[in-house]
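Ligands are counted one by one from 1 in listed order, and the atoms in each one are counted from 1 as well. The chain is numbered in sequence order, starting from 1.
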Amino acid sequence: MTETRMTDEVDVNSHPPLEEEKRQRYYIAKMQQLVKEKETEIGRPLTACVTTFGCQMNARDSEKLIGILKEIGFEESTDENSDFVLYNTCTVRENANLRVYGRLGHLNSLKKQHPGMIIALCGCMMQEETVVEKIRKSYRFVDLIFGTHNIFKLAELLYQRMTEDGMVVDVWKDTDQIVEDLPVERKYPFKSGVNIMFGCNNFCTYCIVPYVRGRERSRAPEDIIKEIEGLVADGVVEVMLLGQNVNSYGKTLNPPVSFAELLERVEQIHGLERIRFMTSHPKDLSDDLIRVMAKSEKICRHLHLPLQSGSSRLLKKMNRHYDKEQYLALAKKIQEAIPDISLTTDIIVGFPGETEEDFEETMDVVRQVRYDSAFTFIYSKRTGTPAAAMEDQVPIEVTQPRFDRLLKEVQEIAKERCSRDLGRVMKVLVEGMDDHDSANVTGRLGNNTMVHFPGDASLIGKIVSVRLTEARGFYYMGRMEEE
Ligand code: 5AD
Ligand code: SF4
């Protein structure tokens, strides 16, 4: 599923244009020539393998990277023994970094047997100077490094690497540039992420994201609407509006536009059936948004509302700008306004200085809110963030048992929550065949719960009515019903 908007013919013999989109089209054309030459030389198509670590933002960035690679003429592959291998990295927790280093060792041995292989690294981890230094020194077989702000430059950087010697490194500290209209290769034909903003201004004290994704920048509503209209024309029925903190969308636009207003405009798009969004910071969640959600026909009954901790004392140290009572009041207000809402959350265990009492406050919020699911994390020290310099770091012997207790509680509640719609007929967007049973398809309810039911591939991408006949912990089995 490639979304491309071809512009004017490109003259590859002229100088590279200065306007960014035209410039990248020029390098895509240059690379197309180079790839063709290589193919003739080796007698087979060139392959590219892109591996994505981390969040939905990275997943969407990878779709853009793959879009450019395919436009250039690479065949997409899932085999790392490819001509071009790209890791789109994450650095939100230490173990994300460790996984990348581990896999790089393996890539080095593949490259020894595959001369001409180009290895590239991009994404959040590359925005850290210490990481780039380490790769320059100890992973010299890497060919190309770029960051989060210049993924649109892939063709230009690849051209540079293929026409010059040595490692190419191009990492920008920040940018106010948003390049529209480059090719994108969607993973699913029927649903798509849509960036509405980039970066984060919140500086929660544990989090490295603001340092690696830069300052908050919102896309113009017209550009977002145009992109979604294009997606819908191409068969998309569900969009996920993406931002680190969607509730502060549009504050810096001129004139300002609120997230609630943007949602109302997206709702008007004819042919679009479902709207999701991620992530909402509790401090910025407006009554307008709740109102718009409550009356909407298309916005899914799911809100991801990261708690991080239930202790007001720790929330202050985390720089979250809300306390336990405010969070609980907000959750209650949402649940009352939208009774069928599914609330999900992120929780960190073992933030510096966390005592047993602090942890119990978190457990208390979990029991009161009753989340449909929760991502739970053990605090990971990220160099350069304020929390990394805090004195009272909590040892793993203390955090692990707390984490286990939290997970157990979260899972018990999630199981009970998940079964609440048993017996009802609900709308399911069919996403694919069931991995475990070829007679079944798999889809999702508006609240994001998975449902498996008898059906064939012709249903993929359709929204159908399904009776939920059996609750199996975190998912349902069902049976399709006539409309
Ligand atoms: N340690 C553990 N979890 C973290 N997160 C962000 N930074 C850290 C960290 N240093 C979690 C938060 C955030 C989610 C995306 O990742 O819970 O909401
Ligand atoms: Fe990190 Fe906080 Fe920004 Fe989320 S809101 S990306 S947790 S700094």
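- In this structure, Arg213 has no heavy atom closer than 4.0 Å to ligand 2.
- Looking from atom 1 (N) of ligand 1 to the surrounding protein, the closest heavy atom is Ser380 N, 2.9 Å.
- Between Phe259 and Tyr249, the two ring planes are perpendicular [angle over 60°; tilted spans 30° to 60°].
- The nearest protein atom to atom 3 (Fe) of ligand 2, hydrogens excluded, is given as Cys200 SG, 2.2 Å; this is a heavy-atom distance.
- Remark: the Thr91 side chain and the Asn97 side chain contain an N/O donor-acceptor pair separated by less than 3.5 Å.
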Start with the C-alpha gap between His304 and Thr279, add the side-chain angles, then the distance that decides, and say whether side chain to side chain donor-acceptor pair (under 3.5 Å) holds. CA-CA 6 Å; His304 188 67; Thr279 289; 4.8 Å; no
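- Residue Arg93 holds the heavy atom nearest to atom 4 (C) of ligand 1 of all those in Glu94, Arg93, His304.
- Residue Arg382 has no nitrogen or oxygen atom sitting less than 3.5 Å from a nitrogen or oxygen atom of ligand 1, judged on distance alone.
- Taking atom 7 (S) of ligand 2 as the reference point, the nearest protein heavy-atom neighbour is Tyr206 OH, 3.4 Å.
- Heavy-atom contacts of Gln308 reach the following atoms of ligand 1: 12 (C), 13 (C), 17 (O), 18 (O) (cutoff under 4.0 Å).
- Less than 4.0 angstrom separates some heavy atom of Tyr379 from each of these atoms of ligand 1: 1 (N), 2 (C).
- Under the 3.5 Å distance criterion, with hydrogens and angles disregarded, a donor-acceptor pair is assigned to the side chains of Gln24 and Glu20.
- No side-chain N or O of Asn108 forms a donor-acceptor pair with one of His106 less than 3.5 Å apart.
- Atoms of ligand 1 found under 4.0 Å from any heavy atom of Ile378, numbered from 1 in the order shown, are 2 (C).
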List the steps and the verdict of side chain to side chain contact (heavy atoms under 4.5 Å, CB included) for Leu144 and Ile119. CA-CA 7 Å; Leu144 170 59; Ile119 298 178; over 6 Å; no
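- Tyr379 has its side chain out of reach of Val349: every pair of non-hydrogen atoms, C-beta onward, lies at least 4.5 Å apart.
- The single protein non-hydrogen atom nearest to atom 4 (Fe) of ligand 2 is Gln244 O, 4.5 Å, given as residue, atom name and distance.
- Checking only distances, Lys381 never comes within under 3.5 Å of ligand 1, N or O to N or O.
- Looking only at protein heavy atoms, the nearest one to atom 5 (S) of ligand 2 is Asn202 ND2, 3.4 Å.
- Judged by distance alone, the side chains of Glu216 and Ser248 do bring a donor and an acceptor atom under 3.5 Å apart.
- At under 3.5 Å, a nitrogen or oxygen of Asp346, whether backbone or side chain, sits near a nitrogen or oxygen of ligand 1.
- Each of the following atoms of ligand 1 lies closer than 4.0 Å to a heavy atom of Val92: 6 (C), 7 (N), 8 (C), 9 (C), 10 (N).
- Here the protein heavy atom with the shortest distance to atom 7 (N) of ligand 1 is Tyr206 CD1, 3.4 Å.
- The local environment of CZ in Arg420 is crowded, with over 12 non-hydrogen atoms from other residues, nucleotides or ligands closer than 6.0 Å.
- Residue Pro210 touches ligand 2 through its side chain alone, judged by heavy-atom distances below 4.0 Å.
- Using a 4.0 Å cut-off between charged side-chain N and carboxylate O, Glu416 and Arg370 make a salt bridge.
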Between Thr362 and Arg402, is the side chain to side chain donor-acceptor pair (under 3.5 Å) condition met? List the steps. CA-CA 10 Å; Thr362 300; Arg402 282 183 194 160; over 6 Å; no
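- When heavy-atom distances to ligand 2 are checked against a 4.0 Å cut-off, Arg320 comes that close only through its side chain, counted from C-beta outward.
- Among protein heavy atoms, the minimum distance from atom 1 (Fe) of ligand 2 is reached at Cys207 SG, 2.3 Å.
- The protein atom (non-hydrogen) at minimum distance from atom 2 (Fe) of ligand 2 is Cys204 SG, 2.4 Å.
- Side-chain contact check for Asn245 and Asp284: at least one donor-acceptor pair (N or O, by modelled atom type) lies under 3.5 Å.
- Distances shorter than 4.0 angstrom do not occur between any heavy atom of Thr279 and any atom of ligand 1.
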